[in-house]
Amino acid sequence: NKKKPLIISTWNHGLPANEETWKQLKNGKPTLDAIEAGMMIPEGDPKVRSVGYGGYPDREGHVTLDACIMDHNSDCGSVCFLEGIKHPISVAKRVLQNTPHVMLSGEGALQFALEEGFKKENLLTPESEKDWKNWLEASKYKPVINIENHDTISMLVIDNDGNISGGCTTSGAAWKMHGRVGDSPIIGAGLFLDNEVGAAAATGLGEAVIRTAGSAMVVELMRQGKSPNQACKEIVERIYDKHKNHRDMEYLQVGFIAVNKEGEYGGYSLRSGFNYAVYDEKNGNRMEDSKFKMT
Ligand code: SD4
């Protein structure tokens, strides 16, 4: 297809991430390195309170990170419940490249990261610590829909060779229980791709995405011939049907982005306010608003 390369990333913080990934692809860097470099930008930005350094902690004050990466050979690397490492996407890439496994968690993921030369640092910024202490006063767990227009960053890439890869990184739901892992590091939930078909990734309330194997289902619908937009919409409708009488409904937001092998892309969310950054040769790097089911 003539539409390559193509990069699509969730939320406003997708723009600077796309910018870096595009630059690296144009410089001939390996696709996974390009994805990693792009996603490191929101991870390292303390103003982004939903990813990496400066992310909101869990209810015990721990910033615990989830990330994954997947390439066109269906090789995957993932870390979850990782503390003290600023760039979990980089550790996920090392899991893919340097271990016989797909996923490392918690202490084991940290041990691996340290062995790989990563430095342990404090990721709880004074701002996030202050917000956590404020939250503790009422201690009411009610996830915020479209949290400051960022949430998880998920990125899907069609590279110079037309191959599909993707990544996902997040500090997870603010004020989650200690040990909680969301959809973002789970291949099939927060991210899935099949290089023959396309790729999909999620943002929003991870529990709902895991319950429905969200990203894997979007890819399967594209395999059956649905467009990226149609496939994302159908899975959002399914998530709505499964949750309309569920306790999570009052704060439920989910959004998907998808690309197919032809270079078509799309997105769809349950509630309004979701957007994604798209970068291609023809139109450059820009934000697009997602279609949605309800306000
Ligand atoms: C998660 N999808 O961990 C991520 C991000 C999030 O509310 O915080 N959602 O569920």
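For the single chain, residues carry numbers from 1 onward in sequence order. First listed ligand is number 1; within each ligand, the first listed atom is number 1.
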Open item on the list: Evaluate Thr170 for polar contact with ligand 1, using N/O atom pairs at a separation under 3.5 Å.
Closed with: no
Open item on the list: I'd like to know if Val157 and Val51 are part of one continuous hydrophobic network [Ile/Leu/Val/Met/Phe/Trp/Tyr, side-chain heavy atoms within less than 4.5 Å].
Closed with: yes
Open item on the list: Between the side chains of Glu196 and Arg223, is the shortest nitrogen-to-carboxylate-oxygen separation below 4.0 Å, so that they form an ion pair?
Closed with: no
Task: Part of Ser184 with heavy atoms under 4.0 Å of ligand 1, whether side chain, backbone, both or neither - done: side chain
Task: Side chain, backbone, both or neither: the part of Asp66 lying under 4.0 Å from ligand 1 by heavy atom - done: neither
- [ ] Using distance alone, determine whether Gly182 and ligand 1 share an N or O pair under 3.5 Å.
- [x] no
Task: Centroid separation Trp11 to Phe274 less than 6.0 Å - done: yes
Open item on the list: When you compare ligand 1 with Glu207, is there at least one nitrogen or oxygen pair between them that comes in under 3.5 angstrom?
Closed with: no
- [ ] Would you mind finding which of Thr152, Thr169, Ile153 brings a heavy atom closest to atom 5 (C) of ligand 1?
- [x] Thr152
Task: Polar contact flag for Gly206 and ligand 1 (N/O pairs, less than 3.5 Å) - done: yes
TODO: Identify whether Leu193 and Ile257 are in the same connected component of the hydrophobic contact network (ILVMFWY, side-chain heavy atoms under 4.5 Å).
DONE: yes
- [ ] Number the atoms of ligand 1 from 1 as they appear, then name those within less than 4.0 Å of a heavy atom of Arg180, with their elements.
- [x] 1 (C), 3 (O), 10 (O)
Open item on the list: Any nitrogen or oxygen of Gly204, side chain or backbone, less than 3.5 Å from one on ligand 1?
Closed with: yes
Task: Check: Phe81 ring centre within less than 6.0 Å of His178 ring centre - done: yes
TODO: Establish, for the pair Lys86 and Tyr53, whether the NZ or CZ atom is under 6.0 angstrom from the six-membered ring centre and no further than 45 degrees off its axis.
DONE: yes
Task: Atom indices of ligand 1, in the order listed, that fall short of 4.0 Å to a heavy atom of Ala173 - done: 3 (O), 6 (C), 8 (O)
Task: Proximity of Tyr141 and Trp175 rings by center, below 6.0 Å - done: no
Task: For Asp183, atoms of ligand 1 separated by under 4.0 Å from a heavy atom - done: 1 (C), 2 (N), 4 (C), 10 (O)
- [ ] Could you pull out, from Gly172, Cys80, Ala202, Ser50, the option with a heavy atom nearest to atom 8 (O) of ligand 1?
- [x] Gly172
- [ ] Give a yes or no on whether a salt bridge exists between Glu129 and Lys133, defined as a side-chain N under 4.0 angstrom from a carboxylate O.
- [x] yes
